[in-house]
Amino acid sequence: MATEKSSSKGQAWFCTTGLPSDVKIEVDDMTFHLHKFPLMSKSRKLHELITEQEKNPTTSRITRIQTASETNKDTENDNEEKEIQEEHEEDEEECLIILPDFPGGSESFETAAKFCYGVKIDLSASNVAALRCAGEYLEMTEEYSEENLISKTERFLTQSVLKNIKHCLKTLTSCEGLLPLAENLSIVKRCIDAIASKAASSDPSLFGWPVNDGAGNSQGGVENERKKVANATRGGTGMDSWINELEQLSLPFFKRMIFAMKALNLSGEIIESCLIYYAKKYIPGILRTSRKPSSSSNVPSENDQRELLETVIANLPLEKSSNSTSNSTRFLFGLLRTANILNASEACRAALEKKIGSQLEQATLDDLLIPSYSYLNETLYDVDCVERILRHFLEELDDRSVNRIESEERSTALMLVGKLIDGYLSEIASDANLMLEKFFDLAIALPDHARLFDDGLYRAVDVYLKAHPWIPEADREKICGVLDCQKLTLEACTHAAQNERLPLRAVVQVLFFEQLQLRHAITGGLLEADAGLTDADRGGGEEEEEEEEGGRPVVVASGQEVSSTWRAAARENQVLRLDMVSMRTRVHELERECSTMKKAIEKIDKMETGGHVDRGGWRTSLTRKFGCKFKTQVCDSHESAAIEARKGRSHRHHQ
């Protein structure tokens with residue numbers, strides 16, 4: 001066999017067997033110079049065409065002349081026309097057969113021709129579909145000739161391709177240019193069904209990009225790599241061994257494969273991984289880390305991307321994946337941003353928001369910062385979208401409670417989301433266009449037990465008040481109403497008491513609860529001191545009993561040491577108790593002071609309502625009324641005196 005190229009007639013393929021060729025077959029732009037006997041012995045169709053031309057040589061000659069004239073219809077040189085006529089005279093005894101739309105093109109026909117000549121051909125997952133279609137086209141059946149091309153390719157399909165998911169994907173990809181013949185021969189359907197059934201046996205723990213995404217450096221990632229190697233050694237069907245082939249499929253074939261997987265009730269993790277990988281390849285910009293322009297020239301159009309996006313979202317499992325991680329959640333947020341850019345349907349975006357809500361506790365603050373693409377929304381970020389996602393999360397949490405899922409898991413998820421929303425509120429609070437109602441509704445959307453402390457929420461409120469200094473006093477009080485002053489830590493209370501952006505009512509509440517916390521701390525300290533003294537008395541009595549019963553010198557010495565230690569501890573506890581009593585007295589005094597301050601503040605509020613006193617001068621008024629500076633913590637008003645009294649008692653005790 002040999003191939004010879006000609007500049008004037010395209011390409012020519014010759015069979016160098018030593019005998020002159022007696023038939024020419026044109027497939028696409030290739031002309032094959034072959035022999036009648038080997039072709040007619042294997043192909044019924046070629047046998048019929050050659051026999052027909054032998055019976056009508058004039059038709060054959062006219063066909064050759066027409067073909068030549070079409071090839072040279074634009075030639076104006078008379079010498080070239082004479083050369084063509086001479087060539088026809090020389091090839092007068094050759095048959096010419098034109099095979100239009102041959103499956104697989106000239107390459108496929110070349111392999112089929114070699115098979116007719118008895119040359120051994122190499123079948124593979126990439127060429128078996130084309131050769132199967134070529135055998136069907138040429139009618140190379142078993143009835144016509146034993147061990148023919150159709151039976152050979154069918155045997156390879158059944159015994160090799162359909163037993164390996166990766167080979168099935170390669171064969172399915174090769175069927176793109178063989179339609180509709182590959183469809184009629186059920187090659188496409190058989191490959192898709194085999195992929196779905198083989199994927200069912202894939203180990204979800206061996207997933208690649210969508211789930212673990214770079215976890216190979218961790219201990220779990222190393223363990224996964226060992227599993228992959230072991231699985232490949234056993235000839236297994238781990239996803240990493242075939243998922244890369246998905247990118248070669250067209251969207252129609254990919255959709256049919258996903259439908260087949262869903263029909264077999266495959267694991268949602270497998271379906272989701274396939275969807276994520278395929279979308280990542282064909283929708284640029286889904287991940288913020290991969291937004292560089294693609295070097296590939298076959299980037300789908302905007303309409304194709306929208307169709308693919310809606311297909312991916314429509315087929316995502318609604319239930320939360322047991323193996324989902326922050327990487328898969330980040331990808332879902334990337335899909336949502338892309339859906340907004342491509343203007344996907346409302347139903348598509350709503351389904352995606354619900355899916356994200358089911359695993360919101362795995363999101364990060366960067367995920368929630370979804371830009372606003374609507375001209376009707378003046379804010380920088382899409383707050384309405386985050387509010388809808390949060391509502392879906394709370395509904396999912398209620399469903400978990402009804403289904404009696406572990407309360408500890410639900411509580412952990414809720415507190416993670418509470419911290420996430422507080423961070424989001426702090427981020428969007430600086431937006432001057434953020435309406436008060438939007439901030440307020442999002443802040444109170446979570447239940448009280450979602451936050452252990454309200455420090456994060458206080459930070460967001462402070463940022464909002466700083467970015468919106470023009471809002472009236474009533475709105476300031478409404479914003480501060482989202483805070484639970486009892487959940488503020490000492491640091492937050494200290495900052496709030498000195499924060500002049502807060503309304504007067506909020507500052508008073510902070511001071512009151514700060515004093516209440518101190519009172520509880522003192523009461524708890526007294527109780528612990530009493531408990532320690534009681535335990536010491538009981539321990540001393542037991543040691544004395546051991547000393548009396550044992551009668552041994554070592555035990556007596558030990559009892560004396562313990563007794564001495566106990567007396568020292570008792571003296572220290574007595575001093576501490578006196579300090580606590582003194583502190584309790586001062587707290588009562590501070591409470592009376594606070595009550596007097598409240599009454600004074602109420603009078604100031606009434607005067608402010610009547611327009612007689614400036615709002616910003618309430619601290620000055622308090623200073624003039626009580627004759628002292630207004631301190632941040634009321635409990636510190638006698639701090640120096642308490643220290644001096646404690647030092648005096650300690651000095652007297654040592655004397």
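All residue numbers refer to positions in the sequence shown, counting from 1.
- Using modelled atom types, one side-chain atom of S358 and one backbone atom of K355 make a donor-acceptor pair closer than 3.5 Å.
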R155 vs E147, test: salt bridge (charged side-chain N to carboxylate O under 4.0 Å, His left out). Steps then yes/no. CA-CA 11 Å; R155 187 162 52 249; E147 293 296 322; 3.5 Å; yes
Report the C-alpha separation of V482 and D454 in whole Å, then their side-chain angles, then the decisive distance to 0.1 Å, and conclude whether the side-chain contact (heavy atoms from CB on, under 4.5 Å) test is met. CA-CA 9 Å; V482 303; D454 271 11; over 6 Å; no
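- Salt-bridge formation is detected for the pair K114/E110: a Lys NZ or Arg NE/NH1/NH2 atom is positioned less than 4.0 Å from an Asp or Glu carboxylate oxygen.
- With hydrogens and angles disregarded, no donor-acceptor distance shorter than 3.5 Å links the side chain of Y373 to the backbone of N343.
- Taking the six-membered ring for Trp and thresholds of 30 and 60 degrees, Y278 and F254 have nearly parallel ring planes, at less than 30 degrees apart.
- Between C385 and L336, the shortest heavy-atom distance links the atoms SG-CD2, 3.6 Å.
- Residue L394 comes nearest to A445 through the heavy atom pair CD1-O, 3.5 Å, listed as atom of the first residue, atom of the second, then distance.
- A donor and an acceptor atom, one from each side chain of D304 and S301, are located under 3.5 Å apart.
- Pairs engaging residues 421-430 under the salt bridge (Lys or Arg N to Asp or Glu O under 4.0 Å) rule: D422-R451 [sequence neighbours left out].
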Can L185 and C133 be said to form a side-chain contact (heavy atoms from CB on, under 4.5 Å), step by step? CA-CA 8 Å; L185 297 176; C133 293; 4.1 Å; yes
Dump the intermediate steps for side-chain contact (heavy atoms from CB on, under 4.5 Å) on Y424 and Y381, then the final yes or no. CA-CA 10 Å; Y424 180 73; Y381 298 112; 4.0 Å; yes
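- You'll find the side chain of L99 reaches within 4.5 Å of the side chain of F102, heavy atoms only.
- Here the shortest heavy-atom pairing between I192 and A260 reads CG2-CB, 3.7 Å.
- Across A112 and L149, no two heavy atoms sit closer than the pair CB-CD2, 4.2 Å.
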Applying side-chain hydrogen bond (donor to acceptor under 3.5 Å, both in side chains), run through D101 and Y137 and close with a yes or a no. CA-CA 10 Å; D101 301 326; Y137 186 95; over 6 Å; no
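- When all heavy atoms are compared, the tightest approach of A351 to I313 is CB-CG2, 4.3 Å.
- Separating the CG atom in N184 from the CG atom in L178 is a distance of 11.5 Å, to the nearest 0.5 Å.
- No donor-acceptor pair under 3.5 Å is formed between the side chain of S160 and the backbone N or O of L157.
- A donor atom on one side chain and an acceptor atom on the other are found under 3.5 Å apart for Q359 and T329.
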Salt bridge (charged side-chain N to carboxylate O under 4.0 Å, His left out) between R410 and E361, intermediate numbers included: CA-CA 10 Å; R410 287 185 284 110; E361 68 272 16; over 6 Å; no
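- Here the straight-line distance linking atom NZ of K198 with atom CG of N164 works out to 8.5 Å at 0.5 Å rounding.
- Among all heavy-atom pairs drawn from L131 and S108, the shortest one is CD2-O, 3.8 Å.
- Within the structure, salt bridge (Lys or Arg N to Asp or Glu O under 4.0 Å) contacts touching residues 119-135 (residues at least two apart or in different chains) are R132-E136, R132-E154.
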Audit row: D384, K438, salt bridge (charged side-chain N to carboxylate O under 4.0 Å, His left out) steps and yes/no: CA-CA 8 Å; D384 293 333; K438 295 286 185 185; 2.3 Å; yes
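- With K487 contributing its side chain and D448 its backbone, the two residues share a donor-acceptor pair below 3.5 Å.
- Separation of atoms OG1 (T111) and CD1 (I121) is listed at 6.5 Å; rounding is to 0.5 Å.
- F115 meets the ring pair (Phe, Tyr, Trp, His ring centres under 6.0 Å) test with no other residue; sequence neighbours excluded.
- A heavy-atom distance below 4.5 Å is found between the side chains of L483 and V461.
- Using a 4.5 Å heavy-atom cutoff, the side chains of K262 and I258 are in contact.
- Atom CD1 of residue I286 and atom CZ of residue F331 lie 4.0 Å apart, to the nearest 0.5 angstrom.
- Between the side chain of D484 and the backbone N or O of Q486 there is at least one donor-acceptor pair closer than 3.5 Å.
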Show your working on side-chain contact (heavy atoms from CB on, under 4.5 Å) between M140 and S145 and close with a plain yes or no. CA-CA 7 Å; M140 301 174 70; S145 176; over 6 Å; no
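- Using a distance-only test at 3.5 Å, with no hydrogens or angles considered, a donor-acceptor pair links the side chain of S43 to the main chain of L46.
- Taking OG of S273 as the reference point, atom CG of L246 lies at 10.0 Å (rounded to 0.5 Å).
- One finds no salt bridge joining R388 and E395 here, because no Lys/Arg side-chain nitrogen approaches an Asp/Glu carboxylate oxygen to under 4.0 Å.
- When side chains are defined from C-beta on, W242 counts as touching L169, because their heavy atoms get closer than 4.5 Å.
- Under the 4.5 Å side-chain criterion, counting only non-hydrogen atoms from C-beta, V128 is not in contact with K170.
- D431 contributes a side-chain N or O that, together with a main-chain N or O of L380, makes up a donor-acceptor pair within less than 3.5 Å.
- Residues L368 and L360 are in side-chain contact: their nearest non-hydrogen atoms beyond the backbone lie under 4.5 Å apart.
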Take S151 and N148 through the test side-chain hydrogen bond (donor to acceptor under 3.5 Å, both in side chains) and record every step on the way to the result. CA-CA 6 Å; S151 62; N148 217 336; over 6 Å; no
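- From L39, atom CG reaches atom SG of C116 across 5.5 Å, with rounding to the nearest 0.5 Å.
- Contact annotation: the side chain of I356 never approaches that of L335 to less than 4.5 Å [non-hydrogen atoms, C-beta and beyond].
- The side-chain heavy atoms of E378 and S372, taken from C-beta on, include no pair separated by under 4.5 Å.
- The closest donor-acceptor contact from the side chain of R337 to the backbone of I370 lies at 3.5 Å or more, if one exists at all.
- Without hydrogens or angle criteria, Y464 side chain to R459 main chain gives no donor-acceptor distance under 3.5 Å.
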Working for salt bridge (charged side-chain N to carboxylate O under 4.0 Å, His left out), residues K466 and D462: CA-CA 6 Å; K466 184 177 181 180; D462 186 41; over 6 Å; no
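- For the residue pair R306 / N303, a side-chain donor-acceptor distance below 3.5 Å is found, with atom types taken as modelled.
- By the 6.0 Å contact criterion, CD on Q248 is enclosed, its count of non-hydrogen atoms from other residues, nucleotides or ligands being greater than 12.
- Remark: the backbone N or O of L488 is not paired with any side-chain donor or acceptor of D455 at under 3.5 angstrom.
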